[in-house]
2 protein chains.
Amino acid sequence: MLRLTKRSEYGLMALAFLAAQEPGVYTSVREIVSRLGTPRRLLAEVLKALSQAKVVEATRGPGGGYRMRTPAEELSLSRVIAILEGPVNVARCASEDGCDFQEICTIQEGIAQVADRIKRVLDGYTLADIVRAGSGAAPVLDQLSDPASHQDRSVA
Amino acid sequence: MLRLTKRSEYGLMALAFLAAQEPGVYTSVREIVSRLGTPRRLLAEVLKALSQAKVVEATRGPGGGYRMRTPAEELSLSRVIAILEGPVNVARCASEDGCDFQEICTIQEGIAQVADRIKRVLDGYTLADIVRAGSGAAPVLDQLSDPASHQDRSVA
DNA sequence: GTTATTTAGCACTCATACAGTGCTCTTTCA
DNA sequence: TGAAAGAGCACTGTATGAGTGCTAAATAAC
Ligand code: SF4
Ligand code: SF4
């Protein structure tokens, strides 16, 4: 359906929250959930995955919890998605499970291009960008990836 | 999983095939399937949907089938996807079913931006572009939607 | 060192969307 | 009149997504 999963969204919300905390301090799942209102256990699963991927780090016991490990400016959206729901493959032939039509498929190249462009968008957005957008500082990016611009080039 | 459904892919393959036929002639599902190797009934469903959406037109009876109705140059990828699997909504809060977190969500704006950019990519690609890419005419679009370019603007 | 707190690990269940199929009806041409 | 082809309807199986329960291991405080 070409939609982000809740795992990704919960993960991003939690990361945005963690990134806004005082650097170095640990925040427990309990507290994060009390702010976000997400299902407790599910967010725990998500944070565990992010921890294993070294995006955040954890400490157990009283006063324990999670804190950022990768700077928000260096954490791309595609990275988060890849951790939480697997690698982004708009075209199934690019994924490991492949596609039965690869031999005869005439749209393969075209779809691959589209997939690549979408991948670039996801690669280009960092957690910092996501957070910043919510703070009113709406960046101007409308002249980028103009809907029609690539046609002008390719037809020539 | 952020992936195109088979409906969309089958649809695009069929459209690419139809667009390559002699203008005006009708091609039956039977014949299309014999070339593409897709499940017969499923492709029929897909083409029916495309027909109802006025993208292709159909004639029944012997010698009947489908032919293009919307020119390949005017048929965007997002249009095809919308017909075959519903409107593209990378962020669920933008869709009709909404999201429970909209009130407190800090990533809403950021995600909306990402979703918008992805939507633009899909809007910008036409069936003609998809077909053309397979014909060796690989357009240069690498300097578009540069992964880092929007950061430079937004930080300033 | 016992206890409370908190993450780690494991293994499920339930809901939804995707993929694919069967059968009948209507239209159309020979 | 009969064969060909799309239109309509309703259904089944499978995969993925969403969410939960329980136990073990680590850590800090008492
Ligand atoms: S592009 Fe062609 S080959 Fe690649 S997944 Fe889609 S259908 Fe299969
Ligand atoms: S962005 Fe925030 S509000 Fe929109 S869908 Fe994702 S979580 Fe819900």
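Numbers restart at 1 for each chain; the letters A, B, ... are given by sequence-line order, proteins then strands.
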(message) Would you say Ser8(B) and Glu85(B) are linked by a side-chain donor-acceptor pair, where the criterion is simply a distance under 3.5 Å?
(response) yes
(message) Below 4.0 angstrom, which residues in residues 22-37 of chain A have at least one non-hydrogen atom near DNA chain C?
(response) Ser28(A), Val29(A), Arg30(A)
Distance-only criterion, 3.5 Å: show the donor-acceptor pairs between side-chain atoms of residues 43-50 of chain A and protein atoms not counting sequence neighbours.
residue, atom, partner, partner atom, Å
Glu45(A), OE1, Lys48(A), NZ, 3.4
Glu45(A), OE2, Arg41(A), NH1, 3.3
Glu45(A), OE2, Arg41(A), NH2, 3.1

(message) Is a donor from one side chain sitting under 3.5 angstrom from an acceptor on the other, for Ser78(A) and Arg120(A)?
(response) no
(request) Taking the side chain as every heavy atom from C-beta outward, state whether Ser76(B) and Tyr125(B) have any pair of such atoms under 4.5 Å apart. (result) no
Enumerate the protein-to-nucleotides 16-19 of chain C contacts in which both atoms are nitrogen or oxygen and the separation is below 3.5 Å.
residue, atom, partner, partner atom, Å
dC18(C), OP1, Met1(A), N, 3.3
dA19(C), OP1, Arg92(A), NH2, 3.4
dA19(C), OP1, Lys6(B), N, 3.1
dA19(C), OP2, Lys6(B), N, 3.1

(request) Can you tell me the distance, in whole Å, between the CZ atom of Arg69(A) and the C1' atom of dT7(C)? (result) 15 Å
(message) I need the CG-P distance between Leu84(B) and dG20(C), as an integer number of Å.
(response) 13 Å
(request) Would you mind reading off the distance between Asn89(A) atom CG and dT16(D) atom P, rounded to a whole angstrom? (result) 13 Å
(request) Run the numbers on Val80(B) and Leu75(B) for side-chain contact (heavy atoms from CB on, under 4.5 Å), then give the verdict. (result) CA-CA 7 Å; Val80(B) 175; Leu75(B) 183 56; 3.8 Å; yes
(request) Consider only side-chain N and O atoms of Thr38(B) and Tyr10(B), and report whether a donor and an acceptor are under 3.5 Å apart. (result) no
(request) Whole angstrom is fine here: how far is it from CD in Glu57(A) over to C1' in dA26(D)? (result) 16 Å
(request) State, yes or no, whether a side-chain contact exists between Thr27(B) and Ile32(B) at a heavy-atom distance under 4.5 Å. (result) yes
(request) Measure from CG on Leu50(A) to P on dT7(C) and round the result to the nearest Å. (result) 13 Å
(request) Hey, could you give me each pair passing salt bridge (charged side-chain N to carboxylate O under 4.0 Å, His left out) that has a residue in residues 16-39 of chain A? Not counting sequence neighbours. (result) Glu31(A)-Arg35(A)
(message) Under 4.0 Å from OP1 or OP2 of dT7(C): is there any side-chain N or O of Ser51(A) that close?
(response) no
(message) I'd like to know if Ile118(B) and Met1(A) are part of one continuous hydrophobic network [Ile/Leu/Val/Met/Phe/Trp/Tyr, side-chain heavy atoms within less than 4.5 Å].
(response) no
(request) For the residue pair Arg67(B) and Thr59(B), confirm or rule out a side-chain donor-acceptor distance under 3.5 Å. (result) no
(request) Please state how far atom CG in Leu43(B) lies from atom C1' in dT21(C), giving the value in whole angstrom units. (result) 14 Å
(message) Please check this pair: side chain of Arg40(B) against backbone of Val33(B), looking for a donor-acceptor N/O pair closer than 3.5 Å.
(response) no
(message) Once rounded to the nearest 0.5 Å, what's the spacing between atom CG of Leu77(B) and atom CG of Leu12(B)?
(response) 5.5 Å
(request) Flag the pair Asp129(A) and Arg132(A) as a salt bridge only when some basic side-chain nitrogen lies within less than 4.0 angstrom of an acidic carboxylate oxygen. (result) yes
(message) Can you measure Tyr66(A) atom OH to dT27(D) atom P for me and round it to whole angstrom units?
(response) 14 Å
(message) Protein within reach of the bases, or only the backbone? For nucleotides 8-15 of chain D, mark each nucleotide 5' to 3' as B, S or -, using heavy atoms under 4.0 Å.
(response) BB------
Between the protein and nucleotides 27-30 of chain C, which nitrogen or oxygen pairs come in under 3.5 angstrom?
residue, atom, partner, partner atom, Å
dT27(C), O4', Arg60(B), NH1, 3.2

